[in-house]
Asker: 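Questions regarding the structure given below will be posed in turn.
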Amino acid sequence: MEIAKSSRKTLHLPQEIIEEIQSRLPVKSLLRFRCVSKSWRSLIGRKRFIKTQHQNSMKNPSLPHRRVIIQKDLSANPVQCSLLSVLSEQTNTIPTSPLPNPTNTTSMRFLIMGSCNGLLCIHEKPSIGEQSRFHLWNPSTRISKKLPQISNCGYVTAVGFGWVESSDEYKVFVSFGNLDYDTRQTKSVCKVYSSKTKSWKTMEHCAYLYSCGVAGIFAGGKLYWKNEHEKVITFLDLKSEVFGRIEIPLGQEKYCIVGVLGGFLCALCYIDSSREVIRVWVMKEEAWKRVATFANLVELLQPTPLVVGPKGEILVNFGSILLVYDRQDNVFRCPMVNFLYSPRVYVESLVSPEDV
């Protein structure tokens, strides 16, 4: 009996299909695929592809490419874990993976000050007599870049990191304070770094940044700081480099902390001095909209909203505890405890600090 020989046919996909498929893959896989061929390496390194891949990751409603980075100590390397594991895990035994020192130096004193498009802004804390240094770091690719040194301007009072979409420009804002021993008053200097000029420049000082939190919140092309003594939020428009102010939700709110939910500015506000009830507001179309109310949270201080989950869960940080709030059942879960500094949620990307 004659056996027919099977013929193998090679499947050739159009380049557009290959690019579409790869643009939906995670960063870890794409980093490996650079070794497949020169054409794949060239494709994965193109700015247009990097932008498309990041946009696909941001739009994915199931959040598979989002990570939580945690710094347990000022002198310890950070660790990271999947955001989905934090949102779904019922216990506090979430596995984490270590990350290297983002400064690529022997210094072990640094703080994560902000995140944008998969990049983190790192403030290398100076020793006595030294000056502050800033780095941009991509924890997904493990690539970091040290920004140009800033002349001695004093101690850091406010920091912000963000992106101007229209010009594809990254900016780092730093406010310094310096005590004048003759007048006993603090003089302030503001600096801003631009990825276009690759240098720092001095800009107009904003008096409203006094008593604001050090790390600014980035949303919609602006950096936001909440002055703890006033019912207003100070913002810096990164495109125009002009400061402004907006009122917190409602006039009767007693205490407010700003964050980002779903890419929008949000505010967690206590409605009375007992801090038993917290309302969550989101700024959309220049108006505040209430999205949730927390109750019975006595003694929990300084909550920071981090992200909205695929099922509408809200992840918030209370001091050294991560809590997941289920809006349907009005209950909290505690997936992670015991860290010193506020966690950051970022989306994995191929954006290189060296290109920035």
Asker: According to ring pair (Phe, Tyr, Trp, His ring centres under 6.0 Å), who are the partners of H65, at least two apart in sequence or on a separate chain?
Answerer: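 If we apply the ring pair (Phe, Tyr, Trp, His ring centres under 6.0 Å) test to H65, skipping adjacent residues, there are no hits.
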Asker: L315 vs L83, test: side chain to side chain contact (heavy atoms under 4.5 Å, CB included). Steps then yes/no.
Answerer: CA-CA 10 Å; L315 178 66; L83 173 61; 3.8 Å; yes
Asker: Under the side-chain hydrogen bond (donor to acceptor under 3.5 Å, both in side chains) test, which residues partner T141, sequence neighbours left out?
Answerer: none
Asker: Please find the pair of heavy atoms, one from C81 and one from P95, that lie closest to each other, and give the distance.
Answerer: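 What the structure gives for the nearest pair is CB-O, 3.5 Å.
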Asker: What's the shortest heavy-atom distance between L87 and P310, and which atoms?
Answerer: CD1-CD, 3.8 Å
Asker: Could you check if a side-chain atom of L99 sits within less than 4.5 angstrom of a side-chain atom of R142, using non-hydrogen atoms only?
Answerer: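 A side-chain contact exists here, since the closest heavy-atom pair is under 4.5 Å.
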Asker: Side chains of C256 and L268: closer than 4.5 Å at any heavy-atom pair?
Answerer: no
Asker: Find out whether V280 and T293 are in side-chain contact, i.e. whether some heavy atom of one side chain is under 4.5 Å from a heavy atom of the other.
Answerer: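 V280 does not reach T293 side chain to side chain.
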Asker: If every non-hydrogen atom of I44 is compared with every non-hydrogen atom of I50, which pair is closest and at what distance?
Answerer: O-CG1, 3.6 Å
Asker: Verify, without hydrogens or angle tests, whether T157 (side chain) and S175 (backbone) share a donor-acceptor contact under 3.5 angstrom.
Answerer: yes
Asker: Answer yes or no: is there a side-chain heavy-atom contact under 4.5 Å between L30 and W40?
Answerer: no
Asker: Going by side-chain hydrogen bond (donor to acceptor under 3.5 Å, both in side chains), name the residues that satisfy it together with E247, two or more places apart in sequence or in a different chain.
Answerer: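 Testing E247 for side-chain hydrogen bond (donor to acceptor under 3.5 Å, both in side chains), a comparison that skips the adjacent residues, returns none.
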Asker: Over all heavy atoms of both residues, which pair between I143 and P353 is shortest? Give the atoms and the distance, please.
Answerer: O-CG, 3.3 Å
Asker: Of all residues at least two apart in sequence or in a different chain, which pass the ring pair (Phe, Tyr, Trp, His ring centres under 6.0 Å) check with Y155?
Answerer: none
Asker: Just to verify, what does F173 make a ring pair (Phe, Tyr, Trp, His ring centres under 6.0 Å) with, not counting sequence neighbours?
Answerer: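 Counting only residues at least two positions away or on another chain, F173 forms a ring pair (Phe, Tyr, Trp, His ring centres under 6.0 Å) with W225, F243.
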Asker: Roughly how far apart are I94 CD1 and S82 OG, rounded to 0.5 Å?
Answerer: 9.0 Å
Asker: Could you tell me the separation between the CH2 atom of W137 and the CD1 atom of I69, rounded to the nearest 0.5 Å?
Answerer: 4.0 Å
Asker: I need the minimum non-hydrogen distance between Y325 and A292, along with the two atoms involved.
Answerer: CE2-CB, 4.2 Å
Asker: Would you indicate whether the side-chain heavy atoms of V68 and T96 approach each other to under 4.5 Å?
Answerer: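 Side-chain contact under 4.5 Å: no.
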Asker: List the steps and the verdict of side chain to side chain contact (heavy atoms under 4.5 Å, CB included) for L223 and F161.
Answerer: CA-CA 7 Å; L223 293 170; F161 172 54; 5.6 Å; no
Asker: Using the side-chain contact (heavy atoms from CB on, under 4.5 Å) rule, pick out the option among V156, V174, V214 that qualifies with M113.
Answerer: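 Exactly one option meets the side-chain contact (heavy atoms from CB on, under 4.5 Å) with M113, and it is V214.
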Asker: State whether the side chain of S29 and the backbone N or O of L25 hold a donor-acceptor pair below 3.5 Å, judged by distance alone.
Answerer: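 Answer holds: no.
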Asker: Using modelled atom types only, decide if a donor and an acceptor are shared between the side chain of Q149 and the backbone of S132 within a distance under 3.5 Å.
Answerer: yes
Asker: Measuring from R279:CZ to C269:SG, what's the distance to the nearest 0.5 Å?
Answerer: 9.0 Å
Asker: Any pair with a residue in residues 23-46 that passes salt bridge (charged side-chain N to carboxylate O under 4.0 Å, His left out), sequence neighbours left out, goes on the list, sorted by first then second residue, please.
Answerer: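 Checked against salt bridge (charged side-chain N to carboxylate O under 4.0 Å, His left out) - neighbours excluded - the pairs reaching residues 23-46 are E20-R24.
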Asker: With sequence neighbours left out, what residues match S115 under side-chain hydrogen bond (donor to acceptor under 3.5 Å, both in side chains)?
Answerer: none
Asker: Suppose we screen for side chain to side chain contact (heavy atoms under 4.5 Å, CB included). Which residues come up paired with S97, at least two apart in sequence or across chains?
Answerer: R67, Q80
Asker: Rounded at 0.5 Å granularity, tell me how far CD1 in I18 sits from CD in Q15.
Answerer: 5.0 Å
Asker: Just jot down the side-chain hydrogen bond (donor to acceptor under 3.5 Å, both in side chains) partners of Y224, sequence neighbours excluded, or say none.
Answerer: none
Asker: Please determine which of E124, K145, K146 meets the side-chain hydrogen bond (donor to acceptor under 3.5 Å, both in side chains) test together with H135.
Answerer: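 Between H135 and the candidates, side-chain hydrogen bond (donor to acceptor under 3.5 Å, both in side chains) is satisfied uniquely by E124.
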Asker: Do any pairs count as a salt bridge (charged side-chain N to carboxylate O under 4.0 Å, His left out) and have a residue in residues 347-356, sequence neighbours left out, and if so which ones?
Answerer: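 Sorted pair list comes back empty.
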Asker: Judged by atom type as modelled, is there a donor-acceptor pair below 3.5 Å linking the side chain of N138 to the main-chain atoms of L119?
Answerer: no
Asker: Are the side chains of V172 and L147 in touch, meaning some heavy atoms are under 4.5 Å apart?
Answerer: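 A side-chain contact exists here, since the closest heavy-atom pair is under 4.5 Å.
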Asker: Testing the basics here: between N117 and S349, what is the closest heavy-atom pair and its distance to 0.1 Å?
Answerer: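 Taking N117 first and S349 second, the nearest heavy atoms are O-OG, 2.8 Å.
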Asker: So which pairs with a foot in residues 147-172 pass salt bridge (charged side-chain N to carboxylate O under 4.0 Å, His left out), sequence neighbours left out?
Answerer: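 Listed by first then second residue: K171-E241.
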Asker: Atom CG of L63 and atom CE of M58: how far apart are they, to the nearest 0.5 Å?
Answerer: 10.0 Å
Asker: For the CZ atom of R133 and the CD1 atom of I150, what is their distance to the nearest 0.5 Å?
Answerer: 10.5 Å
Asker: Any chance you could lay out the side chain to side chain contact (heavy atoms under 4.5 Å, CB included) test for F33 and L43, step after step, and finish with the verdict?
Answerer: CA-CA 10 Å; F33 290 165; L43 169 64; over 6 Å; no
Asker: With sequence neighbours excluded, tell me which residues meet ring pair (Phe, Tyr, Trp, His ring centres under 6.0 Å) with Y193.
Answerer: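 Partners of Y193 by the ring pair (Phe, Tyr, Trp, His ring centres under 6.0 Å) criterion, ordered by chain and then number, come out as W200.
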Asker: Carefully, step by step, assess W281 and K289 under the rule side chain to side chain contact (heavy atoms under 4.5 Å, CB included).
Answerer: CA-CA 5 Å; W281 301 82; K289 178 183 178 181; 5.7 Å; no
Asker: Using only atom types and a distance under 3.5 Å, with no angle test, would you say the side chain of Q22 pairs donor to acceptor with the backbone of F49?
Answerer: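 Flag not set: sc Q22 to bb F49 has no pair under 3.5 Å.
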